[in-house]
Every structure is written in structure tokens, then in C-alpha cells.
Amino acid sequence: MRNLRMKKFYIVVVFFCVSAVIQAQPPANIPSGRSYFHEQIDNSQKAILKLNGVEGAVANAATAQIDGLQSAIEADAALDNNGKLKFLRGLSESLTSYINGCRSNRYDVDMLIPFLSGFKQCIPLEEANKSIAGVVRTTARKNYDAGQLLLNNFAYEKNVGVKEANDELTSESLRLHPENIIPTLSEHPDLPNADSFIIVIANKDPEIIYTHAAASDGLAERIHKNPDTLVKIIYRMAKMPTGRQYFPFLDEIYAGNMTFEQIDSAIDNNSKYYKLLVKTEIDYADRVRHRDMPLAKKDMDGRISSKALEVYINEINALHESPDNVRFKVIDNLSPEELYYLAVSTEEEIYTSSYVRGVYPRIWKRMSRADSLLMNVRFDHFKKWIKMAANYNDLDDFLKRMDKQSSEVLMKAFVKGLDKTNNLEDAVDVANSYASIADKQVQKLVLNEVQYNLQKAKAGNNRRGTDIYSILNILFLSMDSTNHVDVSKLLGIPPVYYMPNKNLQDSAGTIYVQQFFYGDEDGRNGYDQFRGLFDNSNWKVTSTAQWVVHTSTTKGAKVVIYSNKPLDEKKNLDADAQKALVEYLDTNGIGPTIVIHRGHSYYLRSTLQQLPSSAEIVVLGSCGGYQSLNKVLTTCPTAHIVASKQTGSQQINGPLIKGIMDVLRQGKTLNWQVLWANLASQGLPKDLFNDYIPPYKNLGALFIMAYNHIQQ
């Protein structure tokens, strides 16, 4: 109130709008204690009118409604002085909290309206010693912050319904933020509505309920007592010793399409169990296509992957030196669809030869048309399948196993919707695959589809889509030299066609190289080949028990190559030598700018785990090294990568590494196009050499660099 001792008219100025507002005034002769809170409320009214966004209904609430509350409190004959003080103080303190919250952007100014309404409704309830829980609930559903401010009000802190109101507020908070349901119920399992919240989570993420049901605490007991059928099924699984084996089939059991007993008959037989997983996954995939996400779909994907690896892939990988009829016997009884899932579910673990000589050709012994395969698996993971086929140079073969119209529809679908996912995996797959398409008509189709999606993204002001498709468009156009596309300039990334000699040197002008060898027969042969090519007058050779060092002696740049010796792998001596060399380089402050992997694909993981972030050039001389581009870029975001899509061969690795080192030791810039032309002219086995991809054709790697640059 502007004047507590007399009635008057006053004018309120709200920013640039002026309106006359009649203030209801309390009776005269108000005690000084209450007068103080009236003054505080009046000051708050002035402050509220200065807040950003306060106008219209909110401005009216800040003036007329607050004035009305003050007058109503003073006119309430049922309240003594202390009672009136309580409500005035409560209103004053809440308005101060509201102002501070709005200034710090924690509160929306509009929340003042439901708060004042709730405050007014609670006054008679408090006077009658009745619960305010219902009002708090109603207020919170209009605006959660308003409900919280009301519950925390000084005037109602001793209300008989405080606990109930607090529970109501917690429930409303959980409705707004379901991710907090389980942490909250873990601490307060007796919260009202806990059963309904458990049902919500069971339908949204049954894995969480399964995990907590297996415990022995209050939440587990609450889950046990829940009357919902789905929750009961999850609880039963959680208490079974082999519950995880049943969990992928949760949706089928809940729908009544499968019983525990049917799963029992397959659990003890790896082949039957894997086949049941695949059959169910295909059913799930069909539902996903119709926008019906099955329960435990994520767990199903993980279970297929682990079972495929455990039962089949680990065995055929381990038998890589055995005859094919022995090596692949374990997968002879699998259907084309089951073989398909072997590939797409173990992408990072399957050896190149396991895919190229085992899984892929066996599919076509049992099926003739590629489009039939995809239809049979309901196009589940089809983008990953196309990416793998492209990376192993089998994409053209795959597309030729269907009619032209079907292949065109498939590749359009492959390119479509790359901006709709939460990651860049699909976009990187498309980038990697394009360079592997030999059919010019298919290449043109993919390029046209990229350009169509780019224009569509621009028209819809879709920033993410525009970024993704514009990068792909530039990369794909650059593959045709007649387009004269400068990838580095257009995408703002480091040069991809050449590597300046200076970029590889340390402060003293030395280029350091680290080469990883392994102690099997192939590793020893590769090491002998390397020594044969580099033990000459161009290099000075020194040796320790665990590694050998080649230092260039020619005029130009100083190049030093550190190579661990391929010591006995069976005694783990090769790993010990690598570890000792890494520690030596670290201790002496040597950061290799070139790293070379010499060994089978199953050793590549070990090399990548030891990959130094200083690497600017990474040569993956193993089979299928191209599959690991993303892993390299995680450690070395701008590295130039050379890798084979299929077979890594010493016939290529030796001349390639020698060619790189000869250029660098002469102090020259490494021009990848010139180097590739020189290697091609040496009469190297064409089928092997063509599998090696130079940095400027590693489109997936370039895509990641460009996208990160744009976001930064």
C-alpha cells in the first residue's frame, strides 16, 4: 500500500503504459509490525513491475491482486495480530523469492498468477487447520515453480498437509522429469503414486526396473508388490539365475506370443538360442518399421551381438589359418538371415577374411536375390550392411544381385534422413561407401540424392541437414577431378592431398616414426622385409634388445624410425617390447608424427590402444584397416590415414612405406596423388593395391573433420 493511514487513488506506470488502478486499503491504525510487511510488499510490487516481460495479466496480478490480498488479510476478523503477521510475512518473503528467481532466469514471470491464486485459496484452509495439499497439487500442475513456492511459504510451513503436499509436489516433479523417478524412488520407495511411476519406467525402460528388481532394498520390494503384469514379468526375470537370457524376449512374453517354457527349450543350445534371437529380432524390426518400438529392443540387439561373437565369430576368427571347410563349419547350418546378423552385429570384431571368405559368400549359396535378403530381415541395420559391403569392396556385387530399380530405391533410402539420428554414424557410412561404388550410374544416383536432400534441408532451414548434406556434396564432387574441387578450401580442413614436411617435424627438425610389429610368422616376415628395404646407405641402423632404430643419413630432413622387434608372441614378448618402446619415447619427449601398424587385423586393436595423439599420418597395413578410421580419428582428429579395405599385404606395405620415407628424408612435401601414381607404375598387384585408400579418398574421415570444423 502506498499510504497505510488513508484511502486514496493512485496511478501505476508500467513501462510505457499508464493505467489508473484503484487500490483497496486496509483499515487505519495498523500496528508497526504489520505495517513493516505491508511496506515490504509495496516495494516488491514496484520491483515486479520493472521485471522484463511483466505486462497485461501479470502486471494486474502484481498490483490489484496483491493489493486485494493485503486488504483481505487485514479485513479477516478470524485472524488475530499474529495470524495476520504470518500471512503478510509469508506473502512478502515469497514475492522476494519470486523477484530473485525471475532476475536469475530460474522463474517465468507468468508464475506469479497461479502462485497468488494458490496463496489466496490456502488462507481459509490454514485458518481451519485443513490440508493445503490439493491446492499445491493444482497450482503445481499449472506451474511447478509456483507450486513449490507455495509449499515453501512461511505461512504454511506447519500446515497439517505439508507432508502430503510435499509428496504431491515430488510426484509432479517426477511427471515433468521422469529421468529422476528411479533415483527418487530409491530414496523414498513409499512415495504415493510410486506404483504408477514404476509402471511408467517399466514401459519406457524396462532394463532399469530389471536392474533394481534384482536388488534387496525398499525399491525392489515396492517393485515386487506392484500389481502391473509387465512389472511382474520383469520382477520374475530379475529373480531368475538366467534372467538375462529371457529379457530380450520381454515384449513377446508380455504380449502373450511366447512363454518362459518355449525359451527354456532353447537356452541350453547355443544354435537354437541364436536362431530364436534372430527370429524375434526380425519380428521386432518389422514393428519398428511401423513405429511400434518393442520393449527391450536395445537388449535384444546387444544379446544378438554377444551371442554371435561368443558362439560363431570368435571361433572362425581364431581359425584364420585353418582350411575354409574347417574354419567355417560352425556357420554352415545358419540361414542367410542368421548370417546377415552375424555380420552387422559384430562389425568391429569380425576379421576381413571371416566376412569375405566366410559369411558373405555363404549367404548366396542359400539365396540368389539381395533384395530378398533385406526384405526378409525387414531392412534391419541395412545401412550398416551397405557400409560393410562397401568397405569390403562387395557393394557392387551386392547391388547386382537385385534389379536396377530395387538398387536405386535402396541407395536412395541409404542416403535419406542422415540428419534425423542423434549421431553421425549413418552420414559417415554414406561418405565411406561412396568411394567404393564402381558403378558410375549408382554413383550419380547417390550424388543426385545428396543434392536433393541438401536443397530440401536448405528450404526447411534445417541447419544440421544442411551441414551434413553440403559436406557430402563437396566430398562426392571432389572424387571427379574434372570438377576441380578444393576440399581443404571449401570445408576449412587441413590439406588432404599433401602433407608438408614441416608439419611432421619436431622443434629440432626431426621426423619421428613408430612402427608396430607382432611376433607371429606374418609379423616376422614383415619385419624381415622392412629390414631388407631399409638396411642400406640411406639409413644408419642401431639396435637394442627390444627395438631397432633407422636414422636417415641423406641430405634433407632427418627421419628416425623406431620399430619394436617381433619377439615371441606366445610369451607376450612382442607386447613387452612395444610397451618398453612407448615408455622410452614418452620418457624422452618423442612424439611420433607417423605411426605404422604392421600385423594382422586382430592385432590392430592393440596398436590403436597405444596410438599417440601426436600422429599426423597413420598407416594401417592390416586387412580391413579401413574399418577403424573412426577409432583413429578419435585419438588423432586431423590425421591422414592410409588403410586397406580388404587384404593388407606386404607386397603393398613395403613399397608404400619406402615411398613415404624416401620423399620425407629428402625434405620434400608428401604429395599423396603423386605417390599413388608412382606406386601404380611399379607393377604392384593391382587387386591388392586398389584396396588401399589414400587420405584424400578417405571420405568418412574427411566428413568427420569437416563437420567438427563447422560446429566449432
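The model shown is predicted, which means the values in this text are computed figures rather than measured ones.
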For the aromatic rings, using the six-membered ring if either is Trp, is the centroid distance between Y98 and F115 under 6.0 Å? no
- Query: Taking the side chain as C-beta and beyond, is there a heavy-atom pair between N143 and I113 under 4.5 Å?
  - Reply: no
For residues 122-130, please give each side-chain donor-acceptor pair under 3.5 Å, one per line with the distance, not counting sequence neighbours.
from: E126; atom 1: OE1; to: N159; atom 2: ND2; distance (Å): 2.8
from: E126; atom 1: OE2; to: K86; atom 2: NZ; distance (Å): 3.0

Practice prompt. Anything under 30° is parallel, anything over 60° is perpendicular, the rest tilted; go ahead and classify H381 against Y341.
Written response: perpendicular
TODO: Measure from the side-chain N and O atoms of Q262 to the backbone N and O of T259, and report whether any donor-acceptor pair falls under 3.5 Å.
DONE: yes
Self-check item: V200 vs R175 side-chain heavy atoms within contact, under 4.5 Å
Solution: no
Distance alone, cut at 3.5 Å: any donor-acceptor contact between the side chains of D419 and N462?
yes
(Q) Does any part of the side chain of R244, heavy atoms only, come nearer than 4.5 Å to the side chain of D299, both counted from C-beta? (A) yes
- Donor-acceptor contact below 3.5 Å, side chain N473 vs main chain Y469: no
Open item on the list: What I want to check is whether the side chains of R89 and Y36 have a donor and an acceptor closer together than 3.5 Å.
Closed with: no
- Query: What do the steps show when you test Y156 against F119 for ring pair (Phe, Tyr, Trp, His ring centres under 6.0 Å), and what is the final call?
  - Reply: CA-CA 9 Å; Y156 308 118; F119 187 92; 5.5 Å; yes
Side-chain heavy atoms of R287 within contact of D251, under 4.5 Å = yes
Scanning both residues in full, the closest heavy-atom pair of I234 with P206 reads CD1-CB, 3.6 Å
### Message
Could you check whether S117 and Q121, counting side-chain N and O atoms only, form a donor-acceptor pair closer than 3.5 Å?
### Response
yes
